[in-house]
Amino acid sequence: EVRLVESGGGFVQPGGSLRLSCVTSGFTFDDYAMNWVRQAPGKGLEWVSSIIWNSGDIYYAESMKGRFTISRDNSENTINLQMSNLKPEDTAVYYCNVLYRRTNYWGQGTQVTVSS
């Protein structure tokens, strides 16, 4: 059974930082892309960043470049998202996602709130 469990969300003031983690289990990573996707209040899903497990290739949405850093820990089967210089518009539920064997799997999400 594929499982994705996010953690690390919380409340932070503008300019602050948070580190999100996604612990994965139930599948082999190989060439799969692990993704962070977010959903702001009243809005649709927005892709944030991806990392290709084997190659380590990394991709970011334009508005996250320079502020967010995605990484993986092979030994812990975990991907992380280090977020800095957070802005109120980064407020959202952040989800970990993988498309594995033609099925999209999602974690339960972790809330990030950026407010003064």
Rounded at 0.5 Å granularity, tell me how far [atom1] in [X] sits from [atom2] in [Y].
X: Ile70; Y: Asn35; atom1: CD1; atom2: CG; answer: 7.5 Å
X: Leu86; Y: Arg67; atom1: CG; atom2: CZ; answer: 6.5 Å
X: Arg38; Y: Met64; atom1: CZ; atom2: CE; answer: 3.0 Å
X: Tyr32; Y: Ile52; atom1: OH; atom2: CD1; answer: 12.0 Å
X: Thr113; Y: Asp90; atom1: OG1; atom2: CG; answer: 11.0 Å
X: Leu45; Y: Gln39; atom1: CG; atom2: CD; answer: 4.5 Å

Counting C-beta onward and ignoring hydrogens, is there a side-chain heavy-atom pair between Thr91 and Gln111 closer than 4.5 Å?
yes

If we only count heavy atoms from C-beta on, is the Leu4 to Met34 side-chain gap below 4.5 Å?
yes

Ring centres under 6.0 angstrom apart (Phe68, Tyr60)
no

Are [X] and [Y] joined in one hydrophobic group, where the rule is that I, L, V, M, F, W and Y side chains link up if heavy atoms are under 4.5 Å apart?
X: Val5; Y: Tyr94; value: no
X: Leu20; Y: Ile58; value: yes
X: Val48; Y: Leu99; value: no

Is the ring pair Phe27/Tyr100 parallel, tilted or perpendicular, if the boundaries are 30 and 60 degrees?
tilted

Do [X] side-chain atoms and [Y] backbone N/O form a donor-acceptor pair below 3.5 Å?
X: Asn97; Y: Tyr105; value: yes
X: Thr78; Y: Val23; value: no
X: Thr24; Y: Asn77; value: yes
X: Glu6; Y: Cys22; value: no

Exercise: identify the closest heavy-atom pair between Ser17 and Gln82
CB-NE2, 4.0 Å

Can you check side chain to side chain contact (heavy atoms under 4.5 Å, CB included) on Cys96 and Trp36, steps first, answer last?
CA-CA 5 Å; Cys96 181; Trp36 285 101; 4.3 Å; yes

